[in-house]
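Everything numeric in this text was worked out from a predicted model, so none of it was measured. The figures here come from the full heavy-atom set of this structure, side chains too, leaving out hydrogens, waters and symmetry mates.
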Amino acid sequence: LKCPPNSSSGSPGATSCVCNAGFYRAPTEGLAKSCTRPPSPPRNATFSTQGTVVALHWLPPIDLGGRQDLTYSVSCEKCPLGMETCELCEAGVSYTPDADGLSEPTVTVGGLDPYCNYTFIIEARSEE
């Protein structure tokens with residue numbers, strides 16, 4: 001049995017191949033598919049503001065992990081001035097086009113409170 005890339009078999013007569021450490025197959029993929037790894041983080045995030053709206057932009061990951069089905073997700077933490085801890089952004093915060101499943105490296109976040117600091121977390125993900 002010849003194993004697909006990034007996988008190996010435990011013995012010469014094996015009938016299947018397991019993914020090497022740090023590599024995975026999506027649940028919907030068969031054992032004949034190559035194993036891949038998660039993408040590296042998005043790079044060089046920048047922002048611009050207009051009132052209580054923030055536009056976020058970033059560059060794609062350097063390493064796609066061997067997949068082409070890359071999407072992004074964005075989450076937000078609100079850090080009120082003078083407070084030591086941050087909290088998840090409230091339901092009133094809106095993401096355009098959305099917070100998850102983004103195909104382009106950009107999102108606009110609205111409904112933010114003035115006089116608060118915000119932290120945005122941008123993640124790259126493989127769809128499967």
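- No side-chain heavy atom of Pro41 sits under 4.5 Å from any side-chain heavy atom of Pro61.
- The side-chain heavy atoms of Pro39 and Arg67, taken from C-beta on, include no pair separated by under 4.5 Å.
- Nearest approach of Pro4 to Ser7, heavy atoms of both residues: O-OG, 2.6 Å.
- Rounding to the nearest 0.5 Å places CZ of Arg43 at 4.5 Å from CD1 of Ile62.
- The backbone N or O of Asp63 sits less than 3.5 Å from a side-chain atom of Ser40, completing a donor-acceptor pair.
- Between Arg125 and Asp69 there is no salt bridge, since no side-chain nitrogen of the basic residue lies less than 4.0 Å from a carboxylate oxygen of the acidic one.
- With rounding to the nearest 0.5 angstrom, the NZ atom of Lys33 is 12.5 Å from the CG atom of Leu31.
- Contact check for Trp58 versus Tyr72: side-chain heavy atoms found under the 4.5 Å cut-off.
- Here the side chains of Leu56 and Val109 are in contact, with some heavy-atom distance below 4.5 Å.
- Taking the side chain as every heavy atom from C-beta outward, Pro38 and Ser126 never approach each other to under 4.5 Å.
- No side-chain N or O of Asn6 forms a donor-acceptor pair with one of Ser34 less than 3.5 Å apart.
- Annotation: side chain of Val74 is in contact with side chain of Leu102 (closest heavy-atom distance under 4.5 Å).
- Taken as a pair, Cys79 and Cys116 fail the criterion of an SG-SG distance shorter than 2.5 angstrom.
- Proximity of Glu29 to Cys35: side-chain heavy atoms (C-beta onward) are nowhere separated by under 4.5 Å.
- Donor-acceptor pairing under 3.5 Å is recorded for the side chains of Thr106 and His57.
- Summarising the local packing, NZ of Lys78 is surrounded by more than 12 heavy atoms from other residues, nucleotides or ligands at distances under 6.0 Å.
- Residues Thr52 and Asp113 form no side-chain contact, since every pair of their non-hydrogen atoms from C-beta on lies 4.5 Å or further apart.
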